[in-house]
Amino acid sequence: MDKVIVENLKVKKGNVAILRGISLTIRTHEILAVIGPAGSGKTTFLRCLNRLIDLEPELKPEGRITLEGVKIYGEGTDVSFLRRRIGMVFAVPNPLPMSILDNLTLGLRIHGLGGSGPITLERVERSLKAAYLWEEVKDRLKESALKLSGGQQQRLCLARSIMVDPELLLLDEPCSGLDPISTAKIEEALQGLKREMSIVLVTNNVKQASRCSDRTAFLLMGDLVEINNTDQIFTNPQDGRTSDYVSGRFG
Amino acid sequence: MSRRWINLFTHLFTALTGMACALVILLVAIILGNIAYHGIPHLSWRFLTTAPSSGMTEGGIFPAIFGTAFLVLLMTIAVVPLGVCTAIYLQEYAPVKSKWVHLVRMAIQNLAGVPAIVFGLFGLGFFIEFVGRRVDQIFFSGQLYFGQPAIIWAALTMALLTLPTVVVSTEEALRVVPRSHREVAYALGATRWQMVWYVLLPQAIGGILTGTILAVSRGAGEVAPILFTGAAYYLPYLPSRLNQQFMELGYHVYVMATQSPDVDATKPILYSTVFVLLTLTFLLNFAAILIRSHIRRRLAAAR
């Protein structure tokens, strides 16, 4: 089952092409890893999927992206609802300067789904458990989110993004600044979450892609070099550049 | 240059800056000391709670205290929403680098440089002669209700004077909220307004209050903007409606200093009034600072 179909996605900044025609699909209940050296357009690709790219008027995406058959750049797309269906976790943990609870309920409040009450608390508990953070914060939900460690903060951001039950979760190098234990917890969380949603994991860490993704896409200088099942990419890459990159010969 | 000379300059410069600082403190101390010395003896509960009598040579200053507080309150109600909304528009909604925004910012900065008396004349010409008269024509069939100096016009004129302060400090507070915080809200599906409401305003509240503090203490001290727009020489009653005139401490000081029939009899009252005006300004400032630090502490607890 295809969740998202990307066809010939191009993004330009002035005369410089950032993405040069990407076509791929994201399936339901899979973790798709996107790897590639810095500057290959991974983050831009991710930000096209939830239209966060709209915040940068100098970047104009072309091509076609559909979510369950509906164009996300179509006329009259409800961007707010789209972003409720597509969650995002950023590279740098970015909890807001408010309590852990308020961070978690922000999405609910934005979408008018209430911000308190037993149902909300149930959701909070479920999200925190899914993000492997519940045990560490269950007694201090009213405390500031900024008191958490970096790894805890990132898991809080993960929990925050799944509070509104997205169908697709975008992660932009979520473990780039984290220690191995925090990284392992997030990877474990993703394995659980993929039962409920599709996940796109952009990562600088080739090993992480091989550890926890079902399929892997390799981007290089704005081109999609190869996309295949992860074990194929790592054991039997079809393109010479892919094998060079995954074996650590460049990048 | 030899090391000895450099050391000499260092000491000389330290001494110079220190003396400049001492001079400022000395001047402030002399002014405050003088006012307190002459002003405190005449202070009494009666002085604070009664109206002037016998051509300002006796009685108290209650109407002026009341009028000042009323004026500042109305001004705050007008200037804070207007200033905060302007800042939000300039910082978040207006297209970046547009000529229009540049022009508005320049206009606001220039507004801060306009002499206060010009605001007074503008208030007379615009609010009273234009707006007030039109209101009277439309709603009161030409009878004189709002087309005359009144506390509402004085407060609005004062609000214009203090508008740049609120706009600039709010803009500053919005600017320091990191881009990543904005993106969190957008990525969760927030509209721009929701982003402002849930993310920016809670973080900018300290800056907004700082602007309000500055606006309030400026508003309590200025006389020129209310000279033609609502301040009264003497009133036998307290203003209870927005279209009535009012007495004000700063203006009362001016009146007693220049228009008194008996300068010597007025002098102790004058000193005490100045003392009260200063105290009131300090208290307003102090209250605002307390509110701000309370909110800062609450924010810090959430941080």
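All values below come from the heavy atoms of this structure, side chains included, with hydrogens, waters and symmetry mates left out.
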Participant: Any ring pair (Phe, Tyr, Trp, His ring centres under 6.0 Å) pairs touching residues 70-91 of chain B, not counting sequence neighbours?
Facilitator: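 Every pair satisfying ring pair (Phe, Tyr, Trp, His ring centres under 6.0 Å) with a residue in residues 70-91 of chain B: F66(B)-F70(B).
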
Participant: Kindly give the heavy-atom pair with the smallest separation between H181(B) and P95(A), and that separation in Å.
Facilitator: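 The pair with the smallest heavy-atom distance is NE2-O, 3.9 Å.
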
Participant: Would you mind checking which part of L82(A) comes under 4.5 Å of any heavy atom in chain B, side chain (CB onward), backbone (N, CA, C, O), both or neither?
Facilitator: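 Neither part, no heavy atoms under 4.5 Å.
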
Participant: Please list, in residue-number order, every residue in residues 53-66 of chain A that has a heavy atom less than 4.5 Å from any heavy atom of chain B; write 'none' if there are none.
Facilitator: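 Interface residues of residues 53-66 of chain A: L55(A), E56(A).
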
Participant: Between S80(A) and G189(B), what is the shortest heavy-atom contact and its length?
Facilitator: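 Taking S80(A) first and G189(B) second, the nearest heavy atoms are OG-O, 2.6 Å.
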
Participant: Taking side chain as everything from C-beta outward and backbone as N, CA, C, O, which of these in R51(A) sits under 4.5 Å from a heavy atom of chain B? Side chain, backbone, both or neither.
Facilitator: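 Contact with chain B is absent: no heavy atom of R51(A) under 4.5 Å.
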
Participant: Taking the side chain as every heavy atom from C-beta outward, state whether M163(A) and L188(B) have any atom pair closer than 4.5 Å.
Facilitator: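 No. Closest side-chain heavy atoms not under 4.5 Å.
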
Participant: Step through the shown structure and confirm whether more than 12 heavy atoms of other residues, nucleotides or ligands are within 6.0 Å of NE2 on H29(A).
Facilitator: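 Counting other residues, nucleotides and ligands, NE2 of H29(A) exceeds 12 neighbours.
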
Participant: Relative to chain A, which segment of R179(B) carries a heavy atom at a distance below 4.5 Å: side chain, backbone, both, or neither?
Facilitator: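 Looking at R179(B), just its side chain touches chain A.
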
Participant: Around Y93(B), counting heavy atoms of other residues, nucleotides and ligands shown, do more than 12 lie under 6.0 Å from its OH?
Facilitator: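 Yes, enclosed.
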
Participant: Listing request: all salt bridge (charged side-chain N to carboxylate O under 4.0 Å, His left out) pairs with a residue in residues 95-115 of chain B, at least two apart in sequence or in separate chains.
Facilitator: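 The answer is R105(B)-E171(B).
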
Participant: Pairs under 3.5 angstrom only: tabulate donor-acceptor contacts from the side chains of residues 192-202 of chain B to other protein residues two or more places apart or in another chain.
Facilitator:
from, atom 1, to, atom 2, distance (Å)
R192(B), NH1, E92(B), O, 2.5
Q194(B), OE1, T191(B), N, 3.0
Q194(B), OE1, T191(B), OG1, 3.4
Q194(B), NE2, I110(A), O, 2.7
Y198(B), OH, R109(A), O, 3.4

Participant: Answer yes or no: are there more than 12 heavy-atom neighbours, outside L283(B) itself, under 6.0 Å from its atom CG?
Facilitator: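 Result for CG/L283(B): enclosed.
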
